[in-house]
Amino acid sequence: MKHDKEPVTAARHLDLKALALSGGDVFGHESLSKFERIMQETRGLGGDSVVNWSAHGEMRPGASGEDQVWLSLTAGAIVPLVCQRCMGSVDVALSVDRQFRFVSDEKTAEAEDDESEEDVLVLARDFDLPALVEDELLMELPLIPRHETCPQSVKLEALDADFDSVTPEKPNPFAVLAKMQIGKPS
């Protein structure tokens, strides 16, 4: 993503309808450390990483013929996670390319979201775009992060060489019965 303009610093208080009416673009690149929930997933390792994002607002005709606010969002970051195979750090590339349609209230959003290919959100005059970027990147995190091929060999078994040789002999619980003289008169 290359842009000639400076990144938008007011993206946390974005007027989406004004952006859509102007057919405008906003973009930014922020340190991953500003995205608290993603940093929790990285266990604090992602402070040097950068999140790049861009968004385009536009008005599109809806099913009723009235124009609706739409937002196209792209975002990307390389996030250090813990490989669940070797327990070392693994850099995972996250990428988002999504379309959002905005409606006037939560009830409408709930009713239309399940039947729409795009995500349906509630239109807010003071929209937090970086929070949406973080939400979308969080949904891209793998369930089980791991290297394609771990940089170090992974020990897949734990054996103690002395374990099998030191197994103590267990007494037979029926040995006591064999020593008893049952049914013999004394």
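- The number of heavy atoms from other shown groups lying within 6.0 Å of CD1 (Ile78) does not exceed 12.
- Hydrophobic clustering of Ile, Leu, Val, Met, Phe, Trp and Tyr side chains at less than 4.5 Å, counting indirect connections, unites Leu14 with Leu21.
- Enclosure of atom CZ in Arg43 is not indicated, since only 12 or fewer non-hydrogen atoms of other residues, nucleotides or ligands lie within 6.0 angstrom.
- Summarising the geometry of Val122 relative to Ser104, their closest heavy-atom pair is CG1-O, 3.9 Å, with the distance given to 0.1 Å.
- What you find for Ala55 and Leu129 is that their closest heavy atoms are CB-CD2, 3.9 Å.
- In terms of hydrophobic clustering, with Ile, Leu, Val, Met, Phe, Trp and Tyr side chains grouped at heavy-atom distances under 4.5 Å, Leu73 and Leu141 are assigned to a common cluster.
- Residue Asp135 holds its CG atom at 12.0 Å from CD of Glu140, rounded to the nearest 0.5 Å.
- No side-chain heavy atom of His13 sits less than 4.5 Å from a side-chain heavy atom of Asp128.
- A distance of 8.5 Å separates CD in Glu112 from CD in Glu118, rounded to the nearest 0.5 Å.
- Atom SG of Cys83 and atom CG of Asp91 lie 11.5 Å apart (nearest 0.5 Å).
- To the nearest 0.5 Å, the span separating CG on Leu81 from CG on Leu94 amounts to 7.0 Å.
- In plain terms, the two heavy atoms of Ser89 and His147 that are nearest each other are O-NE2, 3.0 Å.
- To the nearest 0.5 Å, atom CG of residue Asp15 and atom CZ of residue Arg125 are 4.5 Å apart.
- Between the side chain of Gln84 and the main chain of Val82, a donor-acceptor pair closer than 3.5 Å is present.
- Follow the hydrophobic side-chain contacts under 4.5 Å out from Trp70 and you never reach Val120; the two are in separate clusters.
- Under the 4.5 Å side-chain criterion, counting only non-hydrogen atoms from C-beta, Pro130 is not in contact with Lys34.
- Residue Val103 is not grouped with residue Leu132 when hydrophobic side chains (ILVMFWY) are merged at heavy-atom distances under 4.5 angstrom, including chains of intermediate members.
- Among all heavy-atom pairs drawn from Leu32 and Met39, the shortest one is O-CG, 3.4 Å.
- The closest donor-acceptor contact from the side chain of Glu136 to the backbone of Ala75 lies at 3.5 Å or more, if one exists at all.
- Within the model, atoms CG of Leu137 and CH2 of Trp53 stand 12.0 Å from one another, a figure rounded to the nearest 0.5 Å.
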Between Arg37 and Leu138, does the side chain to side chain contact (heavy atoms under 4.5 Å, CB included) criterion hold? Intermediate values first, please. CA-CA 8 Å; Arg37 293 176 293 154; Leu138 282 167; 3.7 Å; yes
Could you walk me through whether Cys86 and Gln152 pass the side chain to side chain contact (heavy atoms under 4.5 Å, CB included) test, one step at a time? CA-CA 7 Å; Cys86 71; Gln152 301 169 3; 5.8 Å; no
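- Under a 3.5 Å cut-off, the side chain of Arg101 and the backbone N or O of Gln68 do not form any donor-acceptor pair.
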Test log, rule side chain to side chain contact (heavy atoms under 4.5 Å, CB included), inputs Leu71 and Leu121: CA-CA 10 Å; Leu71 184 76; Leu121 301 175; over 6 Å; no
Stepwise side chain to side chain contact (heavy atoms under 4.5 Å, CB included) test for Gln40 and Ile38: CA-CA 5 Å; Gln40 288 174 353; Ile38 296 175; over 6 Å; no
